[in-house]
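So the structure is just underneath, and the comments pick up after that.
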Amino acid sequence: MPHASVNGINLYYEISGKQEGPTLLLSNSLASNLHMWDPQMEAFNRHFRVVRYDSRGHGQSAAPAGAYSIDTLTADAVGLLDHLGIARTHFCGLSKGGMVGQRLATLHPERVDRLVLCDTASYMGPGDLWEGRIQLAETQGMAGVVDATIERWFTRPFREKDPLAVAKIRAMILNTPVAGFVGCCRAIQGMDQRESIKAITAPTLIVVGADDPSTTPEKAREIQECIAGAHLTILPAAAHLSNIEQEALFDAAVLAFLEAK
């Protein structure tokens with residue numbers, strides 16, 4: 001299986017799609033893995049060389065103990081691009097992945113062609129919110145956080161309509177190493193990009209579910225106001241994992257943006 005030795009750890013990744021096409025790097029949310037993007041792969045593979053990876057602490061990547069930072073997670077993404085010899089890429093990240101995308105486009109503008117930030121935020125306070133989730137995971141394992149997470153990630157109608165899709169995500173959450181979950185919670189807890197993202201120059205699309213209770217449409221608008229020329233798409237009847245709950249609308253919005261002249 002393809003692993004890259006990056007930034008002091010091993011990162012798992014997969015490459016698919018048009019090998020001669022433009023590259024699209026996908027970055028997963030907290031408590032998921034690269035398979036959260038499975039609904040997008042048929043559409044994205046027709047247009048791009050798609051690189052997916054399991055974030056530090058998730059999936060088949062290493063999960064070292066201790067607090068991570070958004071800068072560390074960003075350095076992981078840069079290291080993976082370097083390992084693969086990719087000088088420049090489109091980037092699409094959801095939630096934590098979108099936080100990494102903001103930092104990547106801020107610190108390494110030469111590496112980002114077009115930027116897609118999905119159901120994410122530039123700041124996710126207050127800190128005690130994260131202390132509660134960390135304590136639950138450390139004392140009860142991921143079973144202690146899975147039910148509340150699923151309720152935030154999907155609307156009730158979708159949970160009732162597509163239990164198989166929900167079950168797949170539930171399994172991802174339960175299989176996330178506690179050390180990786182806690183490390184990334186610390187990264188989000190310590191993040192504040194509200195000022196720094198004003199430096200982003202990459203063409204940017206922000207996508208958010210209209211019913212996302214975590215990274216709300218208001219948080220999406222805050223990002224839009226900070227990044228010059230950023231576009232905002234609000235997907236109806238979708239919560240946090242809008243790429244799954246509104247797959248067709250999500251794919252159409254992202255592809256139209258990435259392929260715009």
Side-chain angles (χ1 to χ4, degrees), residues 2-29 34 37 40 44-45 47-56 61 68-118 120-123 187-188 190-207 220 222-232 253-261:
H3 282 82
S5 179
V6 166
N7 199 23
I9 64 165
N10 283 333
L11 279 185
Y12 177 75
Y13 67 93
E14 294 183 1
I15 300 176
S16 59
K18 293 178 62 175
Q19 294 309 300
E20 302 305 318
T23 300
L24 172 60
L25 181 64
L26 302 178
S27 187
N28 61 284
S29 71
L34 60 79
W37 298 109
Q40 279 62 59
F44 287 5
N45 279 339
H47 300 267
F48 304 104
R49 181 192 185 207
V50 180
V51 179
R52 295 187 284 176
Y53 70 102
D54 288 336
S55 170
R56 172 186 295 252
S61 292
Y68 310 162
S69 70
I70 294 298
D71 280 4
T72 296
L73 300 176
T74 302
D76 291 345
V78 172
L80 178 60
L81 292 174
D82 289 345
H83 173 82
L84 296 173
I86 297 169
R88 191 170 176 86
T89 183
H90 297 313
F91 184 98
C92 178
L94 190 144
S95 195
K96 174 180 62 61
M99 297 168 191
V100 171
Q102 292 170 66
R103 198 66 178 145
L104 178 65
T106 300
L107 295 179
H108 304 279
E110 75 284 354
R111 307 302 293 266
V112 179
D113 190 355
R114 290 180 177 242
L115 178 66
V116 184
L117 306 173
C118 312
T120 191
S122 55
Y123 173 72
I188 298 169
M191 175 195 71
D192 189 346
Q193 302 191 71
R194 288 175 289 186
E195 287 297 320
S196 58
I197 61 172
K198 293 178 181 178
I200 292 176
T201 57
T204 301
L205 171 67
I206 304 154
V207 180
E222 290 172 3
I223 297 174
Q224 183 188 25
E225 291 170 0
C226 289
I227 301 176
H231 301 274
L232 174 62
V254 173
L255 290 174
F257 172 73
L258 292 180
E259 300 204 297
K261 300 302 182 182

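In this text, all values refer to a predicted model and were calculated from it rather than measured experimentally.
By the 4.5 Å heavy-atom criterion applied to side chains, F257 and V207 are not counted as neighbours. Two residues are said to be in side-chain contact when any heavy atoms from C-beta on lie closer than 4.5 Å; C92 and C118 meet this criterion. In this structure, the side chains of C226 and K198 come closer than 4.5 Å at one or more pairs of heavy atoms. With contacts defined as side-chain heavy-atom distances shorter than 4.5 Å, the pair D76/L80 does not qualify. Under the 4.5 Å side-chain criterion, counting only non-hydrogen atoms from C-beta, V78 is not in contact with L107. Residues L255 and F48 meet the side-chain proximity criterion, which asks for heavy atoms closer than 4.5 Å. Side-chain contact check for D82 versus R111: some heavy-atom pair is nearer than 4.5 Å. A heavy-atom distance below 4.5 Å is found between the side chains of K96 and I188.
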Would M99 and L73 count as a side chain to side chain contact (heavy atoms under 4.5 Å, CB included) here? Give the steps. CA-CA 9 Å; M99 297 168 191; L73 300 176; over 6 Å; no
Do L258 and F44 pass the side chain to side chain contact (heavy atoms under 4.5 Å, CB included) test, and can you show the C-alpha distance, the side-chain angles, and the key distance before you say yes or no? CA-CA 10 Å; L258 292 180; F44 287 5; 5.8 Å; no
Pair I86-R49, side chain to side chain contact (heavy atoms under 4.5 Å, CB included): steps then yes or no: CA-CA 11 Å; I86 297 169; R49 181 192 185 207; 3.8 Å; yes
Working for side chain to side chain contact (heavy atoms under 4.5 Å, CB included), residues L205 and R114: CA-CA 8 Å; L205 171 67; R114 290 180 177 242; over 6 Å; no
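Nearest heavy atom pair, residue P2 against residue Y12, reads O-CD1, 3.3 Å. Residues N28 and S55 come closest through the heavy atom pair OD1-N, 3.0 Å. The shortest non-hydrogen separation linking I197 to R194 is CG1-O, 4.0 Å. When all heavy atoms of G98 and T120 are compared, the closest pair comes out as C-OG1, 3.5 Å. Here the shortest heavy-atom pairing between P109 and T106 reads CD-O, 3.8 Å. Counting all heavy atoms, side chain and backbone alike, L84 lies closest to I15 at CD2-CD1, 4.0 Å.
With rounding to the nearest 0.5 Å, the separation of CG in D54 from OG in S27 is 10.0 Å. Expressed to the nearest 0.5 Å, how far CD of E222 lies from CD1 of I206 amounts to 10.5 Å. A distance of 11.0 Å separates CG of L115 from CG of L25, quoted to the nearest 0.5 Å. For the atom pair CE (M191) and CD1 (I70), the distance works out to 5.5 Å, reported to the nearest 0.5 Å. The distance from atom CG of L11 to atom NE2 of H3, rounded to the nearest 0.5 Å, is 8.5 Å. Separation of atoms NE2 (H90) and CD (E259) is listed at 8.0 Å; rounding is to 0.5 Å.
Using a distance-only test at 3.5 Å, with no hydrogens or angles considered, a donor-acceptor pair links the side chain of R56 to the main chain of N7. With hydrogens and angles disregarded, a donor-acceptor distance shorter than 3.5 Å links the side chain of Q102 to the backbone of A121. Without hydrogens or angle criteria, R103 side chain to T74 main chain gives no donor-acceptor distance under 3.5 Å. A donor-acceptor pair is defined here as one N or O able to donate and one able to accept, closer than 3.5 Å; such a pair exists between the side chain of Q224 and the backbone of A230. A donor-acceptor pair under 3.5 Å is absent between the side-chain atoms of S29 and the main chain of S95, judged by distance alone.
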